[in-house]
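First the proteins, then the strands, lettered A, B, ... as listed; each starts at 1.
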Amino acid sequence: MELVLKNLGIGYGRTVVQCGLEQSLMEAGVTSLLGANGAGKSTLLRTICGLEKPLEGSVLLDGRAVAGMNEREISLRIGVVWTSRPPAAALTVSEMVAMGRQPHTGFWGRLGERDRRVCARALEDVGMSSKAERYFGTLSDGERQKVMIAKALVQECPVIIMDEPTAFLDVTSRIEIMLLMRSIAEKYHRSILLSTHDLDIALRHSHYLWLLSSNGLPMTAGTPEELLSRRAIGPYFDTPSLVFDHESRSFRTK
Amino acid sequence: MNKRTHICFAALSAALLVLFVLALLLGPVAIPAGEVWAALLGKGDPLWATIVLQSRLPQAVTALLAGAALAVSGLLLQTLFSNPLAGPSILGVSDGANLGVAVVMLSVGAGAGLGFWLTTVLAAMAGSAVVLGLIVAFARRVKSSTMLLIIGIMIGYIASSLISILNFHAAADQVHRYVMWGMGDFSSVTMDRLPYFCSFVLLALAASLLLVKPLDALLLGEAYAANLGVNVQRTRVWIMLCTGLMTAAVTAFCGPISFIGLAVPHIARLMLGSSNHHNLLPVTLLAGACLALLCSILTCLPGTSSVLPLNAVTPLFGAPVIIYVIMNRRKIHYFN
């Protein structure tokens, strides 16, 4: 499925955060969305999955505007994983994953044979099969995020959107999640768009990068190598005291 | 369904049956069990038959339905606000209904007919709807659930002051009547009012049962629920309609009854060990019916001729449950 931003303007009410965004999401790959705080990463993700209306232009899925779809149509095309942990509830890991089947099940949400198979396989893919009967609340933050990824997987959406999925994780879990998303994208041909502050991990492990600026630069995109060789990353992050060094791929003081 | 769920359903159904029978057998007037049975079949002593059919039977049915309705309202509000300490009395919804009733009882004047009671139900519904609307409006700006509860309690206080002001200006007999109503009583639903009460409550209970799938999705929070194909706005309106109708009907007919809505969903979750509404909602319904019947039986203990107010009994069960849940929240899965 092709996801295209067409002359997209995003923001809340009268506050325009970004405008004129033109981009199409890489298929069967992991695209990292990078940018300083206030650049509109979350707003862009919320607009793509229909939680916010575009201020202008549109988000197109195979030519159809997301803003014109109902919740169910969106839920079958875009699966999400948010930063925050879901509110407390006495649900087991397998019940949590099965929530992702809601768009596919009938009025009462009863699971069929195929639903159970899909859930079991997703738990295996994220490496949580052994904890299927544990309560979700007893898991570590990294494990919870894996379960929510499994939830997004069983939705069987061609596009998966993740808002800072690794924000509260330790460094090894962050890399694990990125590698997991890479393998999911390649194995199941999912187009994954995730926002992150982890420039280093994003450069190393994503197929493609989208850069948003908080000081008026237009959005730019490309593979990590391409952006590094064009020296295009620095302008999106540099502060009065710090500059991005494209050779060492790290920040240094001026 | 696992074994634990089966046991919960079986135990609660049995308890409900036993309590219902006890509610018919026990009362201020001692009637032998055989005579109660005869009365139900339309035979036996006419005086006893009147007591059983006109007083005990409607009271038992009312208690059963009122308990179920309050408990389910509490569960719906707890899920809607992702807050295990929400409930119709804490969030001020009952006080809103209370205020609606007070306006009718204290200012419009006395009446005893069915029309008067239906007016109070409508007024109670308007009152609870206003409070629910306010709470939802505040919930958009106040993200902390504890702060939202405090706002609910404040709204409750405002409603109470308005009621006090109304009381101050009302005639003595109206005040007396209002105070008696405020003590809570399942016996005020007489046989001729029972069909109305039943239809309000059963309608809202049935509508609530239809919401189990979106309710489950709401357990993950609104942003996740919206991405699972749930129309969050519409679901919220349905939940508020159901809780508003149930709280209003019970409050108008039986008086403001505390703690059942707050405590019973916890009892149900602790029994089931699950927040999954497919089982939790029916178990909450059954447990609410059982607890209300038990409280109703305890208000008219045999051997005593007078009847205790219902609100003297319900906190004795409800408050310890809430304290237990708060003290053990680290060990209880739906808090973590």
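- Applying the ring pair (Phe, Tyr, Trp, His ring centres under 6.0 Å) criterion to B:Phe317, with sequence neighbours excluded, gives no partner residue.
- A:Glu95 contributes atom CD, which lies 8.5 Å from atom OG of B:Ser275 (distance to the nearest 0.5 angstrom).
- For a residue to count as touching a neighbouring chain, one of its non-hydrogen atoms must lie under 4.5 Å from one of that chain's; by this rule B:Ser82 touches chain A with the side chain only.
- Within residues 230-243 of chain B, the residues that have a heavy atom under 4.5 Å from a heavy atom of chain A are B:Val230, B:Asn231, listed by number.
- A 6.0 Å sphere centred on CE of B:Met147 holds no more than 12 heavy atoms belonging to other residues, nucleotides or ligands.
- Atoms CZ and CG, from A:Arg72 and B:Leu228 in turn, are 12.0 Å apart once rounded to the nearest 0.5 Å.
- Using a 4.5 Å cut-off between heavy atoms, A:Thr105 touches chain B through backbone and side chain atoms alike.
- Using a 4.5 Å cut-off between non-hydrogen atoms, the part of residues 206-216 of chain B that approaches chain A consists of B:Leu209, B:Leu210, B:Val212, B:Lys213, B:Asp216.
- More than 12 heavy-atom neighbours from other residues, nucleotides or ligands sit within 6.0 angstrom of OH on A:Tyr188.
- One N or O on the side chain of B:Asn227 and one on the backbone of A:Ile78 form a donor-acceptor pair closer than 3.5 Å.
- At distances below 3.5 Å, at least one donor-acceptor pair connects side-chain atoms of B:His278 with backbone N or O atoms of A:Trp108.
- Ranked by heavy-atom pairs shorter than 4.5 Å toward chain B, the options A:Gln102, A:Lys151, A:Arg110 are led by A:Gln102.
- Residues B:Tyr224 and A:Met99 are not in side-chain contact: their nearest non-hydrogen atoms beyond the backbone lie 4.5 Å or more apart.
- A:Lys131 pairs by the salt bridge (Lys or Arg N to Asp or Glu O under 4.0 Å) definition with A:Glu143, not counting sequence neighbours.
- The CG atom of B:Asn276 sits 11.0 Å away from the CE atom of A:Met96 when rounded to the nearest 0.5 Å.
- Taking all atoms of both residues into account, the shortest heavy-atom contact from B:Gly273 to A:Ala90 is O-CB, 4.0 Å.
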